[in-house]
Amino acid sequence: MNKLRVIMLCCILCLTGCTNNKTKDEYNEKTIVWWVDIKSMESSVWYHDEAYKNDEEIKNAYTDKLNEILKDRGFPYHVQFKIMDVDSSFDSENFTQDVTHTSLQTLADQEAQIDLFDSTTNNYEDMADLDAYLHESYAKDFYSSMPVSYWETQRVNGILKYIPKIALYAYQNAYIIDNELAENSAINVSAIQSKEELTEAMQTVYDDQHGNIIPFSYQDLEQMDVYTNMYYPLPLPVGNYLRYQHTKGGWDVVNLNETKAFSDTMSWIEQLKQKNLTGANLKQSEYEQQMQKGTFVTTVQYYPVQLQKHVQRYAGKTQIPFGKVQAIRMGGTAVYKDSQYKKEAVQLLSLINTDKELSELFIYGLEGTDYEKRDGLVYALHDNSLPDTISGRGFAGNYLIITPSEAMGMDGQKEIRAYMEHTPVVSIDGFFPQLSEVDQQLLPQYYAQDTGIPYYQSKGTVEQLDAINQQIKKTELNRIINDIQKQLDEYLKRE
């Protein structure tokens with residue numbers, strides 16, 4: 001009898017131990033790990049000046065609420081967020097392939113679990129192909145609910161490699177005119193249709209203000225590169241001025257600095273300098289003093305009036321669009337190529353982007369803590385700015401399904417969707433050229449020649465540009481252009 005009891009007790013202990021171990025294993029198997037760049041976290045309402053360290057888990061009221069909602073929705077996986085070790089000194093324009101790729105490789109070497117990570121749109125070799133998953137039952141509602149251009153403009157050689165941020169992924173440049181200065185000088189802004197007419201308007205304002213204003217700052221002209229919007233940019237992992245040019249025969253890869261749009265624009269800027277309309281003639285102290293008054297013209301990304309009517313930065317301004325509407329790669333969230341939970345990761349992202357409560361958690365934060373709802377709109381409860389129809393917030397979430405913010409207005413989402421639906425899809429959108437390591441090192445050398453472009457000179461512009469182009473040709477740029485052209489031709493044949 002005692003022997004039987006001992007045997008039964010041992011069996012019970014064994015079963016208990018086995019059950020506990022199995023539960024622990026199941027928990028580990030049912031955890032999805034989402035790695036985020038600290039910059040993404042800092043731009044989110046989820047961040048409140050915490051001193052996160054690399055590889056540290058982000059666990060707070062927001063992550064707890066997310067997992068609570070997911071459990072309520074029947075999603076059987078716990079989501080864990082961790083900070084990815086990325087060099088914070090790199091900004092988005094200089095963010096290179098090697099940074100994120102190296103970080104992911106280090107994590108993989110450490111046998112860390114990687115399922116989702118912030119996409120920088122450069123390290124595609126680390127990303128799983130998502131097309132097959134997005135057509136499955138758990139994701140097809142999300143896929144079909146989004147405008148066609150949302151997906152097609154973000155493909156990489158025809159393949160979806162990440163879930164794009166839901167934002168305005170196309171833009172056109174515009175001259176922005178100060179309405180008050182225009183009215184004071186009796187200028188009909190709507191009648192301005194050319195650079196010559198714009199120059200005449202600037203001259204009128206300059207004369208009426210007795211030269212005590214800078215109509216169009218040379219620094220604005222330089223920073224915005226007003227000529228670059230004349231051609232479609234190539235999506236390359238390094239800085240460059242290579243562009244697509246649409247011709248009757250198809251698409252050509254060109255060096256922007258050798259195009260007519262570039263030389264014509266620089267000649268125009270030279271003329272502005274000769275008329276003292278850019279401030280390049282002033283001493284630095286005089287320039288800074290004049291700039292405090294504001295300028296008559298600047299450049300910025302153009303958005304239809306319906307989109308920017310609630311945005312304060314456009315108050316008292318009139319936009320004059322120029323150039324082409326261009327799609328840009330937004331980046332977003334990628335599924336790691338070696339993740340054991342690719343299906344579940346896509347299912348999670350699809351759920352976030354079709355569930356109003358989940359999207360509002362990522363974008364607005366916690367109701368009652370970060371925001372409140374009144375009369376069908378969201379109002380902030382502290383200083384964090386709310387997203388509007390142009391500027392977003394957060395590293396995930398669908399702006400098309402959330403309760404609109406005060407800054408968006410009741411019809412903001414309708415206008416965002418309309419803008420997306422009218423974004424043109426062109427045959428080159430999905431092309432992504434492959435560069436050798438040698439060419440990736442050469443292109444920045446060519447790009448660095450841009451520092452010699454004479455934005456501030458009033459004579460000798462054409463001659464100096466010719467000299468710069470001669471220097472550029474020494475970097476084997478033509479060979480790189482020919483290599484990319486061959487890839488583009490092959491890509492277009494397959495489309």
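- Two residues are said to be in side-chain contact when any heavy atoms from C-beta on lie closer than 4.5 Å; Leu134 and Ile163 meet this criterion.
- Applying the ring-ring contact (aromatic ring centres under 6.0 Å, His included) test to Tyr336 and every residue at least two apart in sequence or in another chain returns nothing.
- Between Trp46 and Leu361, some side-chain heavy-atom pair lies under the 4.5 Å cut-off.
- Judged as a ring-ring contact (aromatic ring centres under 6.0 Å, His included), and not counting sequence neighbours, Tyr150 has no contacts.
- For Tyr133, there are no ring-ring contact (aromatic ring centres under 6.0 Å, His included) partners at least two apart in sequence or on another chain.
- Under the side-chain hydrogen bond (donor to acceptor under 3.5 Å, both in side chains) criterion, Asn478 pairs with no residue, sequence neighbours left out.
- Side chain to side chain, Tyr371 and Ser405 fail the donor-acceptor criterion of an N or O pair below 3.5 Å.
- Evaluation of the salt bridge (Lys or Arg N to Asp or Glu O under 4.0 Å) test over residues 339-352, restricted to residues two or more places apart or in two chains, returns none.
- Side-chain atoms of Tyr62 and Asp370 include a donor-acceptor pair closer than 3.5 Å.
- Remark: Arg494 engages no residue in a side-chain hydrogen bond (donor to acceptor under 3.5 Å, both in side chains) (not counting sequence neighbours).
- Looking at residues two or more places apart in sequence or on another chain, you find no side-chain hydrogen bond (donor to acceptor under 3.5 Å, both in side chains) involving Gln245.
- A search for side-chain contact (heavy atoms from CB on, under 4.5 Å) contacts involving Asp141 returns nothing, not counting sequence neighbours.
- Taking the six-membered ring for Trp, Trp251 and Phe431 have ring centres at least 6.0 Å apart.
- Side-chain contact between Val33 and Ile114: absent, with no pair of heavy atoms (C-beta onward) separated by less than 4.5 Å.
- Under the side-chain contact (heavy atoms from CB on, under 4.5 Å) criterion, Lys414 pairs with Asp411, sequence neighbours left out.
- Not a single ring-ring contact (aromatic ring centres under 6.0 Å, His included) links Phe117 to another residue, sequence neighbours left out.
- Not counting sequence neighbours, the partners of Arg73 by the side-chain hydrogen bond (donor to acceptor under 3.5 Å, both in side chains) test are Asp355, Glu357.
- Side-chain polar atoms of Gln487 and Asp483 form no donor-acceptor pair below 3.5 angstrom.
- Not counting sequence neighbours, the partners of Asp118 by the side-chain contact (heavy atoms from CB on, under 4.5 Å) test are Trp34, Val36, Asp37, Ser40.
- With ring centers used as reference points, Phe395 lies 6.0 Å or more from Trp35.
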